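Worksheet: the structure to be examined is printed underneath.
By convention in this document, chain letters (A, B, ...) are assigned in the order of the sequence lines, proteins followed by strands, and residues within each chain are numbered from 1. Remember, it's a predicted structure, so these values are computed and weren't measured experimentally.
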There are 2 protein chains.
Amino acid sequence: MAERGTRSDRPARERVLEAALDLFAEHGVSGTSLQMIADRMGVTKAAVYHQFHTKEDIVFAVVGPALDRLVEIADAIGGEPDQERRFTATLAGIIDLIITHRRLAAIVQFDPMVARLVRGHPAHASFERIRALFTGPDPDGSALVAAAMVSGGLIVAGVDPALARLSDDELRKHLFDTAARLLRPLPGVPPATA
Amino acid sequence: MAERGTRSDRPARERVLEAALDLFAEHGVSGTSLQMIADRMGVTKAAVYHQFHTKEDIVFAVVGPALDRLVEIADAIGGEPDQERRFTATLAGIIDLIITHRRLAAIVQFDPMVARLVRGHPAHASFERIRALFTGPDPDGSALVAAAMVSGGLIVAGVDPALARLSDDELRKHLFDTAARLLRPLPGVPPATA
DNA sequence: GTCTATAGGGAGATAGAC
DNA sequence: GTCTATCTCCCTATAGAC
């Protein structure tokens with residue numbers, strides 16, 4: 001079922017998405033034209049339009065899978081009764097998501113065009129649920145600021161060229177420890193193992 | 001000297017910059033046209049062109065002052081011999097800069113168009129010097145990640161709508177404490193007073 | 001300082017041949 | 001799946017009147 005004589009529309013679609021992701025990361029969505037995407041693929045605009053009928057469709061196809069994964073992570077919160085494991089699993093989940101998609105995470109969080117599209121997606125609510133988990137109930141100013149710094153800091157750390165020399169596993173470990181240290185200023189709760 | 005019969009070219013220029021900042025923050029630089037700026041001001045495109053001859057000029061005028069201030073902060077590092085005061089003054093300086101310019105800070109850090117323009121500006125080197133101060137000499141992975149999270153986290157916290165209800169002073173205090181906590185994992189150095 | 005008018009080009013998008 | 005050709009609209013930018 002995976003290989004067929006006619007590979008149908010798979011390669012072309014994916015080549016569009018790869019080119020689009022590269023260009024979105026470098027120029028932003030508004031700064032990327034369909035002509036630029038076509039040029040990078042070595043085809044014409046019309047060929048791109050054969051795969052995606054609007055630019056918005058391309059944006060959704062690029063960011064959609066990561067948003068769906070974010071929803072899954074948030075939905076898993078309700079299924080875990082133990083507080084500590086719930087916190088740990090969720091934090092590990094979003095760090096994994098960020099590391100897997102690196103450039104994409106920054107686009108979703110910071111590109112104004114994408115942000116507007118995401119506002120209508122279930123992932124938006126999921127993001128709020130995750131943030132609420134991190135701030136805890138009835139958060140004070142300090143907890144709000146810590147959660148905000150983590151949410152932005154994780155994304156930035158995923159893209160930062162200064163961290164390019166770190167392996168995925170190293171980065172994952174440091175991000176987890178650093179985020180946990182910020183989110184659990186509770187005395188008696190030691191930061192996750194270093 | 002403050003009020004003259006002819007107010008020269010002050011108001012019109014500043015109205016352009018205000019409108020541009022609003023729109024850059026909402027749509028990104030590439031997503032903002034001169035027509036949008038003119039519409040927001042209630043004038044025509046040509047009136048905008050009378051103040052700034054290119055769109056790039058507007059971008060520079062919007063971000064320039066904040067970049068200049070960043071350079072000043074970095075330059076002050078060399079003039080302070082005491083290590084602790086150097087760290088404290090620099091961190092307080094950039095937090096002040098971020099709070100003063102809130103939306104602008106996010107544009108400078110995350111808009112790809114602005115990022116490309118900033119690459120040729122002295123502020124780029126200043127940013128690296130400040131980061132080096134925060135990581136310390138010969139940083140390990142943990143220190144690099146902490147510095148990256150702070151640099152991104154401070155910016156995000158400055159814009160985050162979830163923090164809108166905090167006063168500037170509250171936000172300043174929490175940002176300082178949280179950033180200091182991340183950047184000084186040294187035992188024996190207590191976080192700045194809460 | 002602001003306007004009208006316009007040049008010149010690139011944007012997103014469509015039609016239809018191969 | 002990809003092409004050529006084309007449409008329409010909006011973009012940046014300029015010229016010149018008021």
Open item on the list: Quick check for you: among D:dT12, C:dC3, D:dC11, whose closest atom lies nearest to any side-chain atom of B:Leu34?
Closed with: D:dT12

TODO: Can you tell me the distance, in whole Å, between the CG atom of B:Asp57 and the C1' atom of D:dA13?
DONE: 12 Å

Task: B:Ala12, nearest nucleotide to its side chain (from D:dT2, D:dC11, C:dT2) - done: C:dT2

Open item on the list: Does B:Thr44 reach a base, just sugar-phosphate, or nothing at all? Heavy atoms under 4.0 Å.
Closed with: base

TODO: Evaluate the side-chain proximity of B:Met149 to A:Leu175: yes if any heavy-atom separation is below 4.5 Å, no if none is.
DONE: yes

TODO: Quick one: label B:Ser30 by what it contacts on the DNA or RNA (base, sugar-phosphate, nothing), any heavy atom closer than 4.0 Å.
DONE: nothing

Task: Spacing between B:Arg13 atom CZ and C:dT2 atom P, to the nearest angstrom - done: 13 Å

- [ ] Would you check if the side chain of B:Asp160 reaches a backbone N or O of A:Ala148 as a donor-acceptor pair within less than 3.5 Å?
- [x] no

- [ ] Return the value, rounded to whole Å, for the distance between atom NZ of A:Lys45 and atom P of D:dG1.
- [x] 21 Å

TODO: Looking only at side-chain atoms of B:Ala46, point me to the closest of D:dT12, C:dC3, D:dT2.
DONE: C:dC3

Open item on the list: Taking the basic N atoms (NZ, or NE/NH1/NH2) and the acidic carboxylate oxygens, is any pair closer than 4.0 Å for A:Glu84 and A:Arg184?
Closed with: yes

Open item on the list: Given D:dT14, C:dG12, D:dC3, identify the nucleotide with an atom nearest to the side chain of A:Lys55.
Closed with: C:dG12

Task: A:Val43 side chain, from C-beta outward: closest of D:dT2, C:dA11, D:dT12 - done: D:dT2

Open item on the list: Can you tell me which nucleotide in D:dA13, C:dT2, D:dC11 comes closest to the side chain of B:Tyr49?
Closed with: D:dA13

- [ ] Give a yes/no answer on whether the side chain of A:Ser33 brings an N or O atom under 4.0 Å of OP1 or OP2 in C:dG10.
- [x] no

Task: N-O pairing of B:Glu18 and B:Arg15 below 4.0 Å - done: no

Task: Interatomic distance, A:Met113 CE vs C:dA11 P [rounded to whole Å] - done: 16 Å

- [ ] Starting from P on D:dA13, measure out to CD1 on B:Ile37 and report it in whole angstrom.
- [x] 11 Å

Open item on the list: Taking B:Lys173 first and then B:Glu170, would you say they form a salt bridge - that is, a charged N and a carboxylate O separated by under 4.0 Å?
Closed with: no

Open item on the list: Rounded to whole Å, how long is the line connecting atom NE2 of B:His50 with atom C1' of D:dC18?
Closed with: 13 Å

- [ ] Find the distance A:Asp39:CG to D:dC3:P and express it as a whole number of Å.
- [x] 11 Å

Task: First encountered from the 5' end of DNA chain C, between A:Met36 and A:His53 - done: A:Met36

TODO: Take the protein atom CD1 of A:Ile58 and the nucleotide atom P of C:dA13, then report the distance between them rounded to whole Å.
DONE: 9 Å

